[in-house]
Amino acid sequence: VGHPRSYTAIDAVARKHRMQGENVLYPIGWDAFGLPTENFAIKFKIKPQEATKKNIANFTRQIKMLGLGFDWSREIDTTDPAYYKWTQWQFLKFYQSWYDESARRAKPIETLPIPAGIKGKGDAAIRAYQDQYRMAYKAASTINWCPRCKIGLANEEAAGGTCERCGHSVEKREKEQWMIRITKYADRLLDDLDQVDYLEKIKAQQIDWIGKSEGAYIDFRVQSASKTHPIDDRVTVFTTRPDTLFGATYLVLAPEHPYVDTWLKDGVITNEKNVLAYRKTAAKQTEQERLAEEKEKTGVVLGGVFAVNPATQEQIPVWIADYVLGGYGTGAIMAVPAHDERDFAFAKKYELPIKEVVAKKFGEVRSDDVRRDGVAAVIIKNNKVLVLHDEKYDIYRLPAGGYEAKESAEEVLKREIQEETGYKNVEIGNYLGQIEASFDLIFAKGRRHKFQKGFQVKLIDEEKGEMDQEGKTIFVSEWFAKDEALKKFAMNKESWGEEEFIRRAFDEKELCFSGEGTVVNSDFLNGLSTSAAKAKITDWLEKNKIGERAVTYKLRDWVFSRQRYWGEPIPLVHCKTCGYVPVPEKELPVLLPDVDAYEPTDTGESPLAKISSWVKTTCPSCGGKAERETDTMPNWAGSSWYFIRYTDPHNEHALASAEQMRYWLPVDLYNGGMEHTTLHLLYSRFWYKFLWDLGIVPNACGSEPYRARRSHGLVLAAGGEKMSKSKGNVINPDEVVKEYGADVFRVYELFMGPFDQAVPWDTNGIEGVRRFLDRVWHVFQKTEGQKNETSGQNAEFKTDLETLYHQTVKKISEGIDALQFNTCISALMILTNAFQDAGFIPEPFRDGFLQMLAAFAPHLAEELWHEIGHTNSIHRSGWPAYDPGKLQTASFELVVQINGKVRDRFPVSAEISEEEAKIRVLSSPQVQKWLEGKTPKKMVYVKGKIMSLVVE
RNA sequence: GCCCGGGUGGUGGAACUGGUAUACACGAAGGACUUAAAAUCCUUUGCCCACAAGGCAUGCGGGUUCGAUUCCCGCCCCGGGCACCA
């Protein structure tokens, strides 16, 4: 019952827009390559081809049973050779392209400039040079190997050290793999998120996965004390905080760092045994075990070598430790215990020196002002120092010797306020209550820098010298109005937008740990904010050629090979003389051979490698003997572009015609589960951008494939736990449809709760929906013959029904587009109940009511549509419109509040004036009773709603 | 730890840009119809007190406001995602 929920929901959207006369493409297809199908086939000892066929047949039956309005003429199947021909074709495009960094786009490989020196060396050299730049390339890499599934996994599929499919922990293996340079698109995948309308959490996941961080590479010289084994190497580290270089007191390499191999081999390391032992345990450990150890840090110092801190020229020890990851950055870090939590823990454990870098000095603060276990925010003003406790991260720390306030963004803000408003005493702080002195203006800063709508500001009376106990908290908008100078200042800042204003005010921060270690007062960084310090020191590093600006990403290149049978064969041929040669376009698709034995092998080689008749071929380039590539593509391949194929699914000459792509793309609404909001979404965005770069997707379509991405909530079992086969709590739509019918099932799926939230399946709840549809049916039966709309009804009653009808049309028309299906259904229920009370459905509302119902319960609506005399299909009939003038009833219930409490309510005409309303209110006996003879100090009237009286 | 959600009756959940909190539905209780049951229909249903009149309630504590589920500050709890990423 999970899949049908989103199908039904988007079906309602599709049907509504279709009925509104729009051309709607609501497609369905099967992404059937990959592990799930293959494992299923192995388990039941059938061929994956058959498993696919069977499951497609079953899903098709179920979908048709539900009456979903998919366009079956566009049905696709990623395992169909007519489809995967184009998947292979696109792979070849990756192979035959390179990424031009300066143009920020992919281009055909022929356009790659070949350096003169290489040109002279002949074709082989040119080829080798090109191979280094191809978007698809083969490289030996450490991959995640799942011993149970016998498959190499992409990093994305082995997150957390376990196989995404089976949960088994993965091993590291060296393997030649086809890779795709998705990392070249990291910045664009990040930047272009601004263009799209995705759910916030989906955007966050994309950003998170790409994991961009900006900093610098810094070279540390590593030398040996020994005369017999002298070395002078340079270890490069990556850091996001080059400004803390002065505080780097040791270096840590990942255990598998190649330098360690070299030094061991050269006999430089004096404690070889310990080092080897540590490396061995580290290598043996699975990712899972490593993380399971409660983050207890371990490591071994490398005896016989030391590094030199380029800023201080101090000699510092070099360690290996598994808290440094080989695969990220350079696999080496400079440890700055005073400014990094992990380094701090490590330094404490192994008693390594801790040095703190501070930019300036200022006056004293008592040590007990600084919390022992945490940190404190410190801000000074004139001669006073304020210590404000805060959470770990926003820290303006106070060393024992003290330092002067640097000009942080807070300071800038403060200065600007002072200069522009003439206010002298301006303070920016964290906790209002802890500020003792009197100030004119205080910005209170929240824990998370999240001031979306405003923040608290205190205005203190300077003459009194002391703020009164309560203070006066006002909102920004009001604060703007209270003081001309402040208003002017704030108005200027308004052009930043609120967010930018706040970001500027509070974004800059510095991380330190209090009360530990010694302090380095750096003249070099004197008076600089963190970002300015970073820039200054990076400039210095670059100038002296010991470092450079750098950006790193968590995102890695996409491992595109699978050593499994059930996937698209990679359409390349390997020839001893020509290297890898693409299969010519006219020979595509390279068909997956139909074989009996397709189980994965222990050797890690594709099962296809065993089929020599298939493997042996001739080289398309030289005609000599050659072998086919036996790796297949990952299941993500076919699904990376299927939305493009939907626009032109039967095209034999192209993946889709430019005309069709221009007509349909980008996708307006993409709904799916959260399980595809990192990988599939990222891959398909990347894939699309690549095609767009090459002009395969027309420029006019834009660089993002999906305009909006939404996601539906899970359907949970009755107890609120996940449905799973092992728990036996899975509900199959077949059973539900058998008992209640497709329409009840559909409507319940939408009524059960908010579309984007997880909701438990409730067998009682579905009964209510059945009753509702029964009621609809019955009220229509009673309606028959009642052609005269006003028969027996008084005018007021009719007006109410009319108002309700127009309100419902508005609500449902808007609700469907906002994906608020549960309230749409309830609106239909309310209207139905009103019809039932009336005894029948007045003529003018019949068609519209059914048309709205048709979006949710298409079968019943169609049946009743014909019953009331129509001969066309309701699904092509149109969508009801509402009359904005008929949304209000002639009268409304005026609510009277006295001192915030509801004391009376009575109906009044919608046209009543404020004066009249006041008279009516004051003459009410109820109100008079509560007034006890007093006159209200104030009367607030909200038209159509409420009268609020304030009495002393 | 970080990032997203969320916390409202016995239950799933409503509530527009701050304006009658608890729509709609489930469940429960009572009633009508029936020999009886099912189905259907009607009534009641946040809590306290109940004769009425009141009072208290949207996770907790504050604040702003004539008025707060909604805005602000500080917390607590639950779900999901990420995580020794330097």
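Protein chains get the first letters and strands the later ones, always in sequence-line order, with residue 1 at the start of each.
The A/Val895 side chain lies nearest to B/U20 when the options are B/C85, B/U20, B/A83. Each of B/C42, B/A86, B/C85 was ranked by its minimum atom distance to the side chain of A/Arg342; first place goes to B/C85. For A/Lys554, the side-chain atoms get nearest to B/C85 when compared with the rest of B/C84, B/C85, B/G19. Here the side chain of A/Asn833 is nearest to one of B/C4, B/A25, B/C85, namely B/A25.
An OP1 or OP2 oxygen of B/G81 is reached within less than 4.0 angstrom by no side-chain nitrogen or oxygen of A/Lys201. Contact annotation: A/Arg771 does not reach the phosphate of B/A25 (side-chain N/O to OP1 or OP2, under 4.0 Å).
Rounded to whole Å, the distance from CG on A/Leu679 to C1' on B/C82 is 13 Å. One interatomic measurement links the two molecules: NZ of A/Lys212 to C1' of B/A86, which rounds to 17 Å at whole-angstrom precision. Taking atom CZ of residue A/Phe772 and atom P of nucleotide B/A39, one finds them 20 Å apart after rounding to whole Å.
Rounded to whole Å, the C1' atom of B/C60 lies 28 Å from the corresponding atom of B/U45. Across the P atoms, B/C71 and B/C4 are found 16 Å apart, a figure rounded to whole Å. With C1' as the reference atom, B/G27 and B/C72 are 39 Å apart, rounded to whole Å. Taking atom P on both B/C51 and B/G5, the two are 49 Å apart, rounded to the nearest angstrom. For B/G55 and B/G67, the P atoms lie 16 Å apart once the distance is rounded to whole Å. Annotation: B/C42 and B/G6 have their P atoms spaced 36 Å apart (nearest Å). Rounded to whole Å, the C1' atom of B/G19 lies 26 Å from the corresponding atom of B/A25.
With ring centers used as reference points, A/Phe821 lies under 6.0 Å from A/Phe755.
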- Message: For nucleotides 45-56 of chain B, give me one character per nucleotide, 5' to 3': B if any protein heavy atom sits under 4.0 Å from the base, S if the only such contacts are to the sugar-phosphate, - if neither.
- Response: --------SSSS

- Map every base of RNA chain B to its dot-bracket character, where paired means a Watson-Crick or G-U wobble contact with both distances under 3.5 Å and | marks a partner outside the strand. (((((((..(((......[....)))((((((.......))))))(((.....)))..(((((..]....))))))))))))....

Would you tabulate the pairs of protein nitrogen or oxygen atoms and nucleotide nitrogen or oxygen atoms of nucleotides 13-16 of chain B closer than 3.5 angstrom?
| residue | atom | partner | partner atom | Å |
| --- | --- | --- | --- | --- |
| B/G13 | O3' | A/Asn822 | ND2 | 3.4 |
| B/A14 | OP1 | A/Asn822 | ND2 | 2.9 |

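The base of B/C66 has none of its N or O atoms less than 3.5 Å from a complementary donor or acceptor on the side chain of A/Lys937.
Nucleic acid contact class of A/Asp756 (heavy atoms, under 4.0 Å, all strands): none. Backbone-only contact: A/Val950 has heavy atoms under 4.0 Å from sugar-phosphate atoms and none from a base. Contact annotation for A/Ser213: backbone-only contact, meaning every heavy-atom pair under 4.0 Å involves sugar-phosphate atoms and none involves a base. A/Glu893 comes within 4.0 angstrom of a base, heavy atoms only. As judged by a 4.0 angstrom heavy-atom cut-off over every strand, A/Gln205 is placed among residues touching the sugar-phosphate backbone only. Backbone-only contact: A/Ile830 has heavy atoms under 4.0 Å from sugar-phosphate atoms and none from a base.
B/G9: glycosidic angle within 90° of 0, hence syn.
Exactly one residue among A/Asp756, A/Asp197, A/Asp817 makes a salt bridge (charged side-chain N to carboxylate O under 4.0 Å, His left out) with A/Arg710. That residue is A/Asp197.
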